[in-house]
Amino acid sequence: MELNPQQRRAAEFDDADVLVLAGAGTGKTSTIVARVAHLVRRDVDPRRILLLTFTRRAAREMRHRLGRQIGADVAKRVPTGTFHHFCLQSLRRWPEWFHCASLTIIDRDDQLQLMKLARAAVIGKDPTFPKSGELANYYSFARNTNRPLKEYLDEFTSHEPDCVARIEAVLKDYGARKQQCKYFDYDDILHLFARQLHRDPVVRQKLQRRYDHLLVDEMQDTNPLQWLILDGLREPAKLFCVGDDAQSIYAFRGADFQNVHAFTERVPGASVLKLEHNYRSTQEILDLSNWLLEQSPLKYDKRLTATRGSGSKPVRVEVDDDFEEADWITRDLMQRHEGDDPWRDHMILTRSAWAARGVEASLIEHEIPYRFIGGTQLLQSAHVKDLLSLLRVIHNPSDQLAWMRYLTQWPRIGEKTAATTINQLLTLTEPAQREDLLSKRFSNQPRLAESITECVAVWASVPDVIATAADKLTPLLERKYDDWDRRQKDFKLLKRLAKKHATVADFLETYTLDPISESEASNDDQDDAVTLITVHSAKGTEAPVCYLIGVQPGNYPHVRSIGDEQKEEEERRVLYVAMTRAKNELILTGTVRSRGAFVPHHNRSFQGGSGQPFFLSSMPDNLCATDLDFETDFSDGPILSFRRP
DNA sequence: TTACGTCCACTTTTT
DNA sequence: GTGGACGTAA
């Protein structure tokens, strides 16, 4: 791969820690890959290069590109993954360093369930008190920014002091429950790793000795907790961090672009390099993106120039509602496909997974193959959770949420019955005792205990365990779900996935940390497909043709961020990231008015007719073309009555 | 205690 | 269009 002088200088910079400021499309990934290649050429052991990314998708892409560049065999030896993945692997590999022999990783859903229990126990019923989702966010944010909970609550929320105290009490209870069930939430993975790294000099030394080079992608999205990890691991290892402050879109997770801005203060002697030539997009696409950024009160000091030169202008398509939007996009896609453009050249970007459902329905209806990235996850669907609860209670008998789920799926067992049974179960230490209790307590439903016994019997074989569990629970689930035919297919998929794993524990853990989306799993043999993706997941990717849906007031900036300048600016960067994904063509679709758009209560006052802020409302006409042929496209469609509500 | 009907508020982004 | 809260019948 050919590098330009700036990229080469970065990739081959040998003397010190480096921060590379790389604008969108300036060959960030190529440069990181080239650096790994350079290091390997210099006889650095591939296992001593740690390559950290922010999302799983970026990690996958990086592994892929690395494989092509330095060969799959060498690439496989370079530890590459997300912060969470790396930390969890370390925890598993050296449990004695971290004092964590057995634990169950819980996902956001479980976290919310547990939070709900804590909230109910401490607060009881109080509709005015923050909901479990909000509480979970507080808890997570405080930990990711490495602040004491109280300090964070005082500074970032407007709750009264007594309310703050009650929040603290709930979160404390949540922590206790977590410990009791031997649960680890996502933040615990990073937190435990970072804590031991900074607390125990012996552990720190052992970890520091393992790596010579730390390569970090998307540095602007790292949060203070992740910085603690990097800071603890560096020296003698060298840092090579790549980032772009204009693409920082994870402040809601505690991302702190001081990790970029204050880099040279924190890492004495570090060098800062810049990549400024955009190789991805045409100038017209960059003109629009540059304009958007220039409107910001923040100074990004960034103007991207296209090395590829000129192309066609971005197109703005104004529609009446999201049905028309979906219809327009599928028609346009089909036209292009007939003109011999492969499906895979097209990416549809959405602000939220929820907002994409109209387009998704239309794609299905017109039988256009697609992959949805960031959508409903396979393991989040109810019937899969039902099945997994059976495996989870065997794997970790302290897993109270799984017990609750497992027990209440049987007829005539509700929350109360399950809760008292769980309390009894927790006092028992032997699996046989538990099975005994269950078969006696629910003698009218022998299958409840039997299912456990039979799964335990085949525990050594993951596919057998899944098959047994599915067999045992099918009659139950068939009655529970009226769309069982559709859901049943997922069990086949689970059986297929099961073959890849040596132990049930590994199987459960992999898909908690790395949940595959439904369409991703079922279409993995399908490689020519349109990509439907959230903007957040799309960072670092690109496509020749990009459709950006929902570009309308209420979405950019999102209603929930209106009134808070920092949040609004983050929204601007979200739109910026979305625009700069396009290589040749950028198509922005959205409704003209925010008719029918959902506006939450607390933001109603901001809406005032046309007063809703919208980033493109002052856009100069020459930056975009509008789609004038649009009306005639619809001449064969049904006539919509003006009396339509 | 469980199961089911009805009304209500709510609907961002990821590990 | 859905999940949670609440009331009521079995």
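We name chains A, B, ... by the order of the sequence lines, and we start the count at 1 in each one.
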Length of the [atom1]-[atom2] vector between [X] and [N], whole Å:
X: A:Tyr250; N: B:dT12; atom1: OH; atom2: C1'; answer: 11 Å
X: A:Ile229; N: B:dT15; atom1: CD1; atom2: C1'; answer: 12 Å
X: A:Lys131; N: C:dG3; atom1: NZ; atom2: P; answer: 17 Å
X: A:Glu134; N: B:dA9; atom1: CD; atom2: C1'; answer: 15 Å
X: A:Arg108; N: B:dT12; atom1: CZ; atom2: P; answer: 11 Å
X: A:Arg357; N: B:dT12; atom1: CZ; atom2: C1'; answer: 14 Å
X: A:Asn444; N: B:dT2; atom1: CG; atom2: P; answer: 13 Å
X: A:Gln113; N: C:dG3; atom1: CD; atom2: P; answer: 12 Å

Which of these nucleotides, [options], is closest to any side-chain atom of [X]?
X: A:Lys116; options: B:dT15, C:dG4, B:dT12; result: C:dG4
X: A:Phe252; options: B:dT2, B:dT14, B:dT12; result: B:dT14
X: A:Lys416; options: B:dT13, B:dT15, B:dT1; result: B:dT1
X: A:Thr417; options: B:dT2, B:dT12, B:dT13; result: B:dT2
X: A:His84; options: B:dT15, B:dT14, B:dT1; result: B:dT15
X: A:Arg351; options: B:dT1, B:dT12, B:dT15; result: B:dT12

Locate the shortest heavy-atom distance separating A:Val535 from A:Val577; write the atom from each residue and the value.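 Where A:Val535 meets A:Val577 most closely, the heavy atoms are CG1-CG1, 4.1 Å.
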Can you tell me if [X] and [Y] form a side-chain donor-acceptor pair at under 3.5 Å?
X: A:Thr104; Y: A:Asp399; result: no
X: A:Thr330; Y: A:Ser362; result: yes
X: A:Glu218; Y: A:Gln220; result: yes

So, does [X] get its side chain near the phosphate of [N], meaning an N or O under 4.0 Å from OP1 or OP2?
X: A:Lys567; N: B:dT12; value: no
X: A:Ser537; N: B:dT14; value: yes
X: A:Thr534; N: B:dT14; value: yes

Residues that A:His536 engages under ring-ring contact (aromatic ring centres under 6.0 Å, His included), provided they are two or more places apart: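 So A:His536 forms a ring-ring contact (aromatic ring centres under 6.0 Å, His included) with A:Tyr250, A:Phe252.
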Ring centres within less than 5.5 Å and planes less than 30° apart: is that true of A:His558 and B:dT12 in this structure? yes
Enumerate the residue pairs fulfilling salt bridge (Lys or Arg N to Asp or Glu O under 4.0 Å) with a member in residues 128-146 of chain A, sequence neighbours excluded, ordered by first and then second residue.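 For residues 128-146 of chain A: A:Arg143-A:Asp185, A:Arg143-A:Asp188.
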Return one dot-bracket line describing DNA chain B 5' to 3' (Watson-Crick or G-U wobble pairs, both distances under 3.5 Å; ( ) same strand, [ ] crossing, | another strand, . none). |||||||||......
Using the ring of A:Trp410 (Phe, Tyr or Trp, six-membered ring only), decide whether A:Arg412 places NZ or CZ under 6.0 Å from its centre and within 45 degrees of its axis.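 No, A:Arg412 does not lie over the aromatic ring of A:Trp410.
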Which atom pairs link the protein and nucleotides 6-10 of chain C when you take only N or O atoms and keep those under 3.5 Å?
none

Determine the contact category for A:Phe83: base if any of its heavy atoms lies under 4.0 Å from a base atom, sugar-phosphate if only primed atoms, P, OP1 or OP2 are that close, otherwise nothing. nothing
What is the nucleic acid contact for A:Glu415, judged by heavy atoms within less than 4.0 Å: base, sugar-phosphate only, or nothing?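 Sugar-phosphate, no base atom in range.
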Evaluate the side-chain proximity of A:Phe129 to A:Ile167: yes if any heavy-atom separation is below 4.5 Å, no if none is. yes
Applying salt bridge (Lys or Arg N to Asp or Glu O under 4.0 Å), name anything that partners A:Glu325, two or more places apart in sequence or on another chain. none
Those residues that, when tested against A:Lys182, pass side chain to side chain contact (heavy atoms under 4.5 Å, CB included) (two or more places apart):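 Expected list: A:Ser102, A:Asn396, A:Ser398.
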